[in-house]
Asker: 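Have a look at this one before I ask anything.
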2 protein chains.
Amino acid sequence: MENYKIPKKSVERLSIYKRILKGIMDAGFTTVSSRELAERAGLNSAQVRKDLVYFGQFGTPGMGYHVSILHRTITKIMGLHKKIPVALIGVGNLGQALLSYQGFKERGFIIESIFDNDREKVGKIKNGLKIMDERNISIEIKKKNIRVGIITIPSSAAQSAANKLIKGGIKGILNFAPIELKVPSRTTVVNVALCEKLEMLSYYLSKRKLL
Amino acid sequence: MENYKIPKKSVERLSIYKRILKGIMDAGFTTVSSRELAERAGLNSAQVRKDLVYFGQFGTPGMGYHVSILHRTITKIMGLHKKIPVALIGVGNLGQALLSYQGFKERGFIIESIFDNDREKVGKIKNGLKIMDERNISIEIKKKNIRVGIITIPSSAAQSAANKLIKGGIKGILNFAPIELKVPSRTTVVNVALCEKLEMLSYYLSKRKLL
DNA sequence: TAGATTGTTAATCGATTAACAATC
DNA sequence: TAGATTGTTAATCGATTAACAATC
């Protein structure tokens, strides 16, 4: 149960194990071995066991892991067992896509306040929520006690929006803008590097002369 | 110029260096040191130099790197100097967001054919493109010689769409569905793990009792 | 009990960093 | 020439994997 030295990669893989466990559970199986999990995740079975013991001892020698218990445990470890109110900054195309993205709802992330700095958009309704002026971010999220923000505005405006979120007491930011946000250490930022992914695909194809 | 053992991480960082170089170039600087690049990227300077020499010797001892030349070189190495026609599978919210996503256009990825399996959508026009039936993926991309596909449909339908892309001769897939697509080794898949990112944010906040 | 599979240790592998001769 | 910074080697660090005693 040590939690001060868990590798970031193990946490990332937790999410993968959870997804695989869901599939195995839905298929009606009760137990699963580290070998089976590893195979499905494209990993080594020792790695699966090592990843899991970072969080506790969930297995039974000779038996493996109890699928539904392990799934529920991981869900709880990741804090995905309760609803989390979220503020969305930027109601452009990407923002609107996330507004109706099932993956967020399924994981309990409920978008409760949406903001934009475009005068044309402010005041309009999207998915039942009124688009608010970005200048009111701090006040609004403090009032609603929102602790997670999603940034989907261009890089140039992202830092200023992040500052407003921080002023309002935000704890975590999911950042889609391709810049490294400067935030105090008490705030967690997770970057979604859409452009990098695209550029990597380009690189791999280019290297193999496929473009 | 060896290219059979370049670590995936170095390729990922190439994309970051490119972005930073762009900023330095726009600020009017001519040269930059590995130390400066490292600072901006949050890395060690030795790592920057090591990453770069995988692709060639671009620096001058005592001087550093020529900003614009290095930027152009990286762009070329990544194959981002020419236009790439792309097929989009899934014209839901996410698909529509990507359709008008500037980042794609800026990097030369031009969406030329769009598909969906929803009868209601097929035939409609989005961003000047007619939504086509997913059943016609293979024929269409073969005809248009499209070599890159973006998948934004739910996991359940993603593998079948990937199969059609492969049958049509696709070379690379940018996959937004949270499953590991099974593809022949000649096809490159880059996954965008939106849900994982979200779950990681949840984990970090939960660990610090912030949710 | 025999077979299976865990948690864990030790060995291996790969990536990061420090240090420095080469060189502008 | 003196100062700066590269490319590269060697040392360090961390992550992956193999192997196995413990145990169901």
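The sequence lines fix the lettering, A, B, ..., with proteins before strands; numbering per chain opens at 1. Heavy-atom basis, side chains included; hydrogens, waters and symmetry copies ignored.
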Asker: Determine, stepwise, if the pair Leu194(A) / Phe176(B) fulfils side chain to side chain contact (heavy atoms under 4.5 Å, CB included).
Answerer: CA-CA 10 Å; Leu194(A) 212 53; Phe176(B) 284 82; 3.6 Å; yes

Asker: Less than 4.0 angstrom between a side-chain N/O of Tyr65(B) and OP1 or OP2 of dA4(D), yes or no?
Answerer: no

Asker: Just how far, in rounded Å, is P of dT8(C) from CZ of Arg49(A)?
Answerer: 11 Å

Asker: Rounded off to whole Å, could you give me the NZ-to-P distance for the Lys50(B) and dT12(D) pair?
Answerer: 15 Å

Asker: Are any of the side-chain nitrogens in Lys8(B) or Glu12(B) under 4.0 Å away from the carboxylate oxygens of its partner?
Answerer: no

Asker: With both distances kept under 3.5 Å, what pairs with dC20(C), Watson-Crick or G-U wobble?
Answerer: dG7(D)

Asker: I need the CG-C1' distance between Leu52(A) and dT5(C), as an integer number of Å.
Answerer: 13 Å

Asker: Do the side chains of Arg35(A) and Glu39(A) get close enough for a salt bridge, i.e. N-O under 4.0 angstrom?
Answerer: yes

Asker: Quick test of your reading of the model: are Glu199(B) and Lys18(A) salt-bridged, counting only N-O distances below 4.0 Å?
Answerer: yes

Asker: Nearest to the side chain of Pro61(A), which nucleotide is it out of dT6(C), dA22(C), dA19(D)?
Answerer: dT6(C)

Asker: What's the NE2-P distance between His66(A) and dT6(C), to the nearest Å?
Answerer: 15 Å

Asker: To the side chain of Asn44(A), which of dT6(C), dA18(D), dT17(C) is closest?
Answerer: dA18(D)

Asker: Using a strict 4.0 Å threshold on nitrogen-to-oxygen distance, state whether Lys143(B) and Glu140(B) make a salt bridge.
Answerer: yes

Asker: Tell me the partner of dA15(C), counting only Watson-Crick (N1-N3 plus N6-O4 or O6-N4) or G-U wobble (N1-O2 and O6-N3) with both under 3.5 Å; none if nothing fits.
Answerer: dT12(D)

Asker: Would you mind classifying the nucleic acid contact of Ser45(B) as base, sugar-phosphate or nothing, using non-hydrogen atoms under 4.0 angstrom?
Answerer: nothing

Asker: Hey, is the side chain of Thr60(A) poking within less than 4.0 Å of OP1 or OP2 on dT6(C), counting only N and O atoms?
Answerer: no

Asker: Can you tell me how far C1' of dT8(C) sits from CG of Asp51(A), to the nearest Å?
Answerer: 14 Å

Asker: Crowded around Met63(A) CE? As in, over 12 foreign heavy atoms under 6.0 Å?
Answerer: no

Asker: Consider the side chain of Ser33(B), meaning its heavy atoms from C-beta on, and name the nucleotide among dA22(D), dT5(D), dG7(C) that approaches it most closely.
Answerer: dT5(D)

Asker: Between atom CE in Met63(A) and atom C1' in dT23(D), what is the gap in whole Å?
Answerer: 12 Å

Asker: Specify the separation, in whole Å, of atom CD of Gln57(B) and atom P of dT23(C).
Answerer: 11 Å

Asker: Output one line per pair: protein atom, nucleotide atom from nucleotides 13-15 of chain D, and distance, for all N/O pairs under 3.5 Å.
Answerer:
none

